[in-house]
Amino acid sequence: MQKLLVISIVTYFSVILVAGAQGVQKNVDVYFSDFGKQKTNVHALESLSKESDKFDLLRSISRYAKDSNENFRGEAYRLLAGFVEESDPKPVKQFALSVVLQGLDDFQPEVVSNVVSLLKKFKPSYFTSKDISQILKSSRRNGYSGEHLKLLGYIGGENTKDSLKSIQVREVVSANSQWSMSLALARMGDEGSISIVLSRLEKIKTEGSSLILLLPDFGYVKQKKIYDKLIEILLDGSLQCRSMNPSSSNLIPCGYYVISEVAKGIEGFPVEVDEFGELLDDFSVAQQKTRKWLADNKGKYLLKIYNY
């Protein structure tokens, strides 16, 4: 009798678990059905975000990562990367990452490119040596694209550094790929590569268009020598750049261009910018705030190295 009771209880909870999983899958199916019809179902998305069993949710979404529709695959990868949180258990994070990594083998280049961007949302500590090898292989298949290489620099590790140095020496790659490798290696603390990046910054610091184009690269490196130079440009009122407006011959302070990148990369920086990188203060006020902040902190500051 007692044995029958135990079996009944186990069966009951198994049914509940199955029903719960089926409910999650139904919500996911509703979301993707609307997505396929190009409908934005905010309610369905909110329902997904409130699911209590994160693993069931991610597993249900992962089925669409194998769909024949490339838009469904891309959306599945986006949701998987977006729903993972730092507080989630390690198996949950590893599962989501493992599925997103599969997108590197997608036959659609656009999907691969989007997956590389999504992988930047995962903390470097989530990646295993096997994951890094997978990214390296994808990078090779895609002609050592800059985004692949900078992703590797963000993840870091001595083995990653050695692999990139080996590629630099043994393989013929484009000038753009060489630059991206220098950025990735500089991000990982390679002094020779930091010098290369610093030298390029020094050469173009008065060229407004070139400076704007390469600012995300300089900010990505997250090395104090680079940020010291960016702050120097920010504070140097005599350093003038050509305007980005081709119809204007006016010169403007070069620091105006760099301040948004500096603000994004430094912990506790006193100058705020909006979502488009535009200053919320006048530039002269921003310079004054920066000078005071540096003086108060005796020139010391921390970089946001855990963000891409």
Side-chain angles (χ1 to χ4, degrees), residues 82 86 117-118 120-121 123-124 146-147 150-151 153-154 176 179-180 182-184 186-189 193-308:
E86 183 65 26
S117 295
L118 290 171
K120 300 169 188 174
K121 295 185 176 183
K123 299 290 184 185
E147 292 308 303
K150 287 189 283 186
L151 172 62
Y154 161 68
N176 285 339
W179 171 242
S180 295
S182 294
L183 292 170
R187 173 75 181 242
M188 291 186 278
S193 298
I194 292 173
S195 296
I196 290 171
V197 176
L198 194 57
S199 175
R200 189 162 187 182
L201 174 55
E202 186 65 45
K203 286 178 183 176
I204 67 163
K205 65 184 181 183
T206 57
E207 298 292 329
S209 57
S210 298
L211 191 59
I212 281 285
L213 185 66
L214 291 175
L215 263 178
D217 286 350
F218 297 132
Y220 155 85
V221 169
K222 298 291 194 297
Q223 292 292 338
K224 194 170 185 299
K225 288 181 181 179
I226 306 298
Y227 273 78
D228 282 347
K229 177 57 67 176
L230 291 174
I231 290 173
E232 182 184 309
I233 294 170
L234 190 166
L235 296 177
D236 189 346
S238 66
L239 205 58
Q240 300 289 300
C241 279
R242 288 194 291 271
S243 171
M244 286 292 293
N245 185 347
S247 63
S248 173
S249 58
N250 293 335
L251 295 176
I252 63 174
C254 297
Y256 184 85
Y257 290 132
V258 308
I259 196 163
S260 62
E261 201 64 40
V262 170
K264 286 188 294 184
I266 295 179
E267 295 280 1
F269 195 71
V271 176
E272 291 184 292
V273 294
D274 64 20
E275 59 182 311
F276 304 107
E278 293 293 324
L279 277 174
L280 298 180
D281 291 316
D282 289 335
F283 180 64
S284 58
V285 173
Q287 283 182 309
Q288 291 171 11
K289 283 184 176 180
T290 302
R291 285 194 181 94
K292 183 179 185 305
W293 183 77
L294 287 170
D296 291 344
N297 290 279
K298 298 179 180 179
K300 296 179 181 179
Y301 55 86
L302 296 174
L303 294 167
K304 297 177 182 177
I305 59 173
Y306 298 109
N307 297 340
Y308 178 85

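One-based numbering along the sequence shown.
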Problem - Spacing of L294 atom CG and I266 atom CD1 [to the nearest 0.5 Å] - result: 7.5 Å
Completion exercise
dist L234:CG -> E261:CD (nearest 0.5 Å) comes out at 12.0 Å
Completion exercise
Residues A186 and S193: closest non-hydrogen pair is N-CB, 3.6 Å
Exercise for the section: Taking the side chain as every heavy atom from C-beta outward, state whether L235 and R291 have any atom pair closer than 4.5 Å. Expected result: yes
Handout entry: Contact check, side chains of W293 and Y301, non-hydrogen atoms, under 4.5 Å
Key = yes
Handout entry: Candidate pair I305 and Y154, rule side chain to side chain contact (heavy atoms under 4.5 Å, CB included), full reasoning
Key = CA-CA 9 Å; I305 59 173; Y154 161 68; over 6 Å; no
Handout entry: Reported CG-to-CD1 distance for the pair L215 and I259, which is rounded to 0.5 angstrom
Key = 11.5 Å
Completion exercise
Sorted by chain and number, sequence neighbours left out, side-chain contact (heavy atoms from CB on, under 4.5 Å) with L201 holds for L211, F218, I226, K229, L230, I233
Completion exercise
Residues at least two apart in sequence or cross-chain that pass ring-ring contact (aromatic ring centres under 6.0 Å, His included) with Y227, listed by chain then number, are none
Handout entry: D217 bridged to R200 by N-O distance under 4.0 Å
Key = no
Practice task
Enter the distance from L198:CG to I196:CD1 here, rounded to the nearest 0.5 Å.
Solution key: 11.0 Å
Problem - Audit row: Q287, D236, side chain to side chain contact (heavy atoms under 4.5 Å, CB included) steps and yes/no - result: CA-CA 9 Å; Q287 283 182 309; D236 189 346; over 6 Å; no
Exercise for the section: For S180, enumerate each residue passing the side-chain contact (heavy atoms from CB on, under 4.5 Å) test, keeping only those at least two apart in sequence or located in another chain. Expected result: L149
Handout entry: Shortest non-hydrogen contact between K205 and C254, atoms and distance
Key = O-SG, 3.3 Å
Problem - Test side chain to side chain contact (heavy atoms under 4.5 Å, CB included) applied to W179 and V197, step by step - result: CA-CA 8 Å; W179 171 242; V197 176; 4.1 Å; yes
Exercise for the section: Evaluate whether atom NZ of K292 has more than 12 neighbouring non-hydrogen atoms of other residues, nucleotides or ligands under 6.0 angstrom away. Expected result: no
Problem - Q223 side chain near R187 side chain, heavy-atom distance below 4.5 Å - result: no
Problem - Test ring-ring contact (aromatic ring centres under 6.0 Å, His included) applied to Y257 - qualifying residues, sequence neighbours left out - result: none
Completion exercise
Between the CG atom in L183 and the NZ atom in K222, the distance rounded to the nearest 0.5 Å is 11.5 Å
Handout entry: L280 vs V273 side-chain heavy atoms within contact, under 4.5 Å
Key = no
Practice task
Please step through side chain to side chain contact (heavy atoms under 4.5 Å, CB included) for the pair K120 and E147, ending with a clear verdict.
Solution key: CA-CA 10 Å; K120 300 169 188 174; E147 292 308 303; 2.5 Å; yes
Handout entry: Nearest non-hydrogen partners of A263 and K304, listed with the distance
Key = O-NZ, 4.2 Å
Practice task
Look at the aromatic rings of Y220 and Y308 and report parallel, tilted or perpendicular, splitting at 30° and 60°.
Solution key: tilted
Practice task
Mind checking the CD-OG spacing from E202 to S195? Nearest 0.5 Å is all I need.
Solution key: 12.5 Å
Practice task
Compare every heavy atom of G153 with every heavy atom of M188, then report the nearest pair and how far apart it is.
Solution key: CG-O, 3.5 Å
Handout entry: Q240: partners by side-chain contact (heavy atoms from CB on, under 4.5 Å), with sequence neighbours left out
Key = L251, P253
Practice task
Kindly write out the residues that satisfy side-chain contact (heavy atoms from CB on, under 4.5 Å) with L213, not counting sequence neighbours, or none if the list is empty.
Solution key: none
